[in-house]
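Working notes, beginning with the structure itself.
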Amino acid sequence: MNKVKLYRPGREDEDTYERLSDAMTRPIRWDVIENNYDQLIKYATAIRVGTASTEAILRRFTRTASHGKITNWSDVRIS
């Protein structure tokens with residue numbers, strides 16, 4: 001079966017969601033979201049308007065996730 005990963009909003013929330021503790025992992029890295037917010041909005045818009053496939057963008061996120069910074073995604077067209 002598939003396992004669900006959930007991320008805590010912050011370190012201080014470790015005991016807040018006791019029933020979900022088995023599924024909880026690390027805290028959300030808000031700094032990564034903040035540093036890449038503009039690009040995230042561009043890619044969300046590209047998915048919404050259909051100029052990029054969800055699969056292509058998710059593949060890129062998966063490949064670059066360990067770097068903590070979104071790289072140049074030149075093969076994703078944004079109109």
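Each residue takes its place number in the sequence, starting with 1.
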Give, for atom [atom1] of [X] and atom [atom2] of [Y], the distance between the pair rounded to the nearest 0.5 Å.
X	Y	atom1	atom2	answer
Arg8	Thr25	CZ	OG1	7.0 Å
Asn36	Arg29	CG	CZ	10.0 Å
Asp38	Tyr43	CG	OH	11.5 Å

Using the side chain to side chain contact (heavy atoms under 4.5 Å, CB included) criterion, which residues pair with [X]? Sequence neighbours excluded.
X	answer
Arg48	Thr45
Ser53	Glu55, Ala56
Leu20	Leu6, Tyr17, Met24

- Glu12 atom CD: more than 12 heavy-atom contacts under 6.0 Å: yes
- Do Tyr7 and Tyr37 share a hydrophobic cluster, counting only Ile, Leu, Val, Met, Phe, Trp and Tyr and linking them when any side-chain heavy atoms are less than 4.5 Å apart?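 Tyr7 does not cluster with Tyr37.
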- Message: Please tell me whether Ile47 and Ile33 are part of a single hydrophobic cluster in this structure, the criterion being side-chain heavy atoms less than 4.5 Å apart.
- Response: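 Same cluster: Ile47 reaches Ile33 through Ile, Leu, Val, Met, Phe, Trp or Tyr contacts under 4.5 Å.
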- Short side-chain to backbone donor-acceptor contact, Arg11 and Pro27, under 3.5 Å: no
- Message: Quick check against the 3.5 Å criterion: does Trp30 have a side-chain atom that pairs as donor or acceptor with the backbone of Pro9?
- Response: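 Yes, because the side chain of Trp30 sits within donor-acceptor range (under 3.5 Å) of the backbone of Pro9.
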